[in-house]
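Read through the structure below, which is laid out as structure tokens, and then see the notes.
Note: hydrogens, waters and symmetry copies are ignored here, and every other heavy atom, side chains too, is used. Below, chains carry the letters A, B, ... as their sequence lines are ordered, and counting in each starts from 1. Remember, it's a predicted structure, so these values are computed and weren't measured experimentally.
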Protein chains: 2
Amino acid sequence: MPTSTFFNLNDLKRAKLLQAAEKEFARAPLSQASIANIVKLAGISRGSFYQYFDGKEDAFYYLLKLHTDKRRAYFLKLLQEKDGDLMASMDQVFRTMLIELSEEEHLQFLKNAVLNVTHEIEDSFTELFLGKQSEIDAVNQVKNLVDLKKINIVNKQEFFHVMQILTSVTFRNLVDQLSRNLSHEEAIENFRIEMDLLSKGLSKANKQV
Amino acid sequence: MPTSTFFNLNDLKRAKLLQAAEKEFARAPLSQASIANIVKLAGISRGSFYQYFDGKEDAFYYLLKLHTDKRRAYFLKLLQEKDGDLMASMDQVFRTMLIELSEEEHLQFLKNAVLNVTHEIEDSFTELFLGKQSEIDAVNQVKNLVDLKKINIVNKQEFFHVMQILTSVTFRNLVDQLSRNLSHEEAIENFRIEMDLLSKGLSKANKQV
DNA sequence: ATATTAAGTGACACGATGTCATAAGTCAAT
DNA sequence: ATTGACTTATGACATCGTGTCACTTAATAT
């Protein structure tokens with residue numbers, strides 16, 4: 001996390017710095033982004049940067065958090081609008097992100113993040129849907145919004161795993177679209193097939209229930 | 001891929017170099033591994049390294065490929081032994097990798113890889129189960145070994161997606177175990193829950209079939 | 001023997017990182 | 001207004017890593 005000094009900055013300077021960082025992380029993936037470029041863009045000295053952040057990773061993950069926080073709010077809103085229909089909400093989030101990632105130029109930052117997935121980044125996306133695992137209420141917040149009657153689970157633990165599964169599969173579909181340059185139609189069709197499979201189950205045995 | 005010069009090397013020298021690279025990639029994740037250390041360990045000059053590989057990434061992904069090729073062979077063998085039971089084979093692979101990743105010291109290399117997942121690395125793991133997507137026969141090779149009667153699919157395309165789903169979920173369970181330092185029992189229990197959910201389906205609607 | 005091609009070398013230019021001594025700014029108390 | 005304590009800002013610097021290249025050595029063909 002950024003230091004307190006960073007949060008003490010006046011809004012203008014802080015915004016300018018974040019914008020500079022985002023621009024640099026949009027230009028190049030984390031490993032190739034350089035602090036020199038960020039400070040040049042932000043018009044601050046190298047030393048200052050290190051007073052705000054531990055290093056470029058620190059800045060990167062903070063930016064990523066800002067992005068996913070925004071999308072988490074959107075996901076929760078969707079759940080409400082769609083009367084707790086989890087699959088429909090995931091579907092909508094996937095479609096929205098597809099569009100965002102292709103259209104909004106400044107989201108090149110997110111593209112770079114998604115294509116260069118450390119487990120920390122995948123965690124960020126898990127949090128998008130599930131909230132921070134350390135905050136017990138966050139999972140409940142989602143669970144309370146979801147219409148559990150439509151979901152094939154017997155307890156809260158299983159709900160957690162349902163979300164984990166949906167997140168992994170959704171996330172991988174996003175990565176696929178980006179890395180293989182699929183068209184939106186293809187990406188949505190692939191996603192739909194997998195969500196159907198997830199819904200109805202992979203094994204035939206369950207039909208005997 | 002390594003250059004032809006690399007493959008012309010005599011077995012001893014090539015092995016020594018690969019061993020050195022693996023040792024360095026076990027010491028530190030890709031981004032922090034250094035060519036200087038590799039060439040020191042291998043007893044070759046810096047210039048030579050660049051005659052064999054494009055850079056450290058090249059060496060890294062080649063090593064990763066050697067590892068996943070080995071495991072792919074194991075997966076195919078399992079499918080045969082278990083009469084095409086896909087879920088049982090995935091389960092066995094997961095358990096085996098858990099043990100390998102905790103016991104074999106030299107697999108620290110794989111740990112570093114798994115925890116630092118670029119989409120290329122996730123692709124490598126997808127190939128583990130599915131073969132190279134460019135080689136059409138590879139998917140068929142798996143499909144022919146799998147007992148399709150147990151799987152809830154209607155065509156080959158769906159089979160492909162089933163494998164994609166299973167790979168993502170299995171892989172994320174591996175990452176989880178490593179990054180959260182779960183015990184084997186916990187990891188296996190989590191994995192079992194998710195595989196059960198995948199088997200029976202996430203939505204209740206399907207019970208009406 | 002000589003020429004040609006392949007393999008091996010390490011010094012070097014370049015760029016990036018993280019630190020640190022020092023300077024500049026802020027502000028409350030006197 | 002001055003002091004002093006504290007916070008913020010700076011950029012030069014030491015260190016390290018990368019990729020290249022002119023050159024040497026080895027191998028092979030003629």
Presence of Arg46(B) side-chain N/O under 4.0 Å of dT18(D) phosphate oxygens OP1/OP2: yes
When you compare the side chains of Gln92(B) and Thr96(B), does any donor N or O come within less than 3.5 Å of an acceptor on the partner? yes
Over how many whole Å does the gap from Phe53(B) atom CZ to dT18(D) atom C1' extend? 16 Å
Do NZ/NE/NH1/NH2 and the carboxylate oxygens of Arg14(A) and Asp11(A) come within less than 4.0 Å? yes
Between dT9(C), dT19(C), dT18(D), which nucleotide has the shortest distance from any of its atoms to the side chain of Ile35(B)? dT18(D)
side-chain contact (heavy atoms from CB on, under 4.5 Å) with Phe129(A): of Val93(A), Val142(A), Leu166(A), Thr68(A), only one passes, and it is Val93(A)
With a non-hydrogen cut-off below 4.0 angstrom, is Tyr52(B) in contact with a base, only sugar-phosphate, or nothing? sugar-phosphate
Electrostatic pair Glu24(B):Lys56(B) at N-O distance under 4.0 angstrom: no
Quick one, Tyr52(B) with Tyr62(B), criterion ring pair (Phe, Tyr, Trp, His ring centres under 6.0 Å). Give me CA distance, side-chain angles, the key distance, then yes/no. CA-CA 11 Å; Tyr52(B) 308 142; Tyr62(B) 179 65; over 10 Å; no
To the nearest angstrom, how far is Glu57(B) atom CD from dG19(D) atom P? 7 Å
Between P of dA16(C) and CG of Leu30(A), the distance in whole Å: 14 Å
Gln51(A) side chain, from C-beta outward: closest of dA9(D), dT17(C), dG19(D): dA9(D)
Separation of dT10(D) C1' from Lys13(A) NZ (nearest whole Å): 10 Å
Specify the separation, in whole Å, of atom CG of Asn8(B) and atom P of dA26(D). 18 Å
What is the separation between atom CD1 on Ile38(B) and atom C1' on dT18(D), rounded to the nearest whole Å? 12 Å
Among dT10(D), dT18(D), dG8(C), which is the nearest nucleotide to the side chain of Ser45(A)? dT10(D)
Options dG8(C), dT17(C), dG19(D), nucleotide nearest the side-chain atoms of Ser34(A): dT17(C)
Whole angstrom is fine here: how far is it from CD1 in Ile44(B) over to P in dA6(C)? 20 Å
So which nucleotide from dG8(C), dT8(D), dT18(D) ends up closest to the side chain of Lys56(B)? dT18(D)
Which is true for Ser48(B) with a 4.0 Å heavy-atom rule: it touches a base, it touches only sugar-phosphate, or it touches nothing? base
Result for 5'-nearest mapping on DNA chain D, choosing between Gln32(B) and Ser4(A), is Ser4(A)
Rounded distance (Å) that lies between atom P of dA7(C) and atom CG of Leu9(B): 9 Å
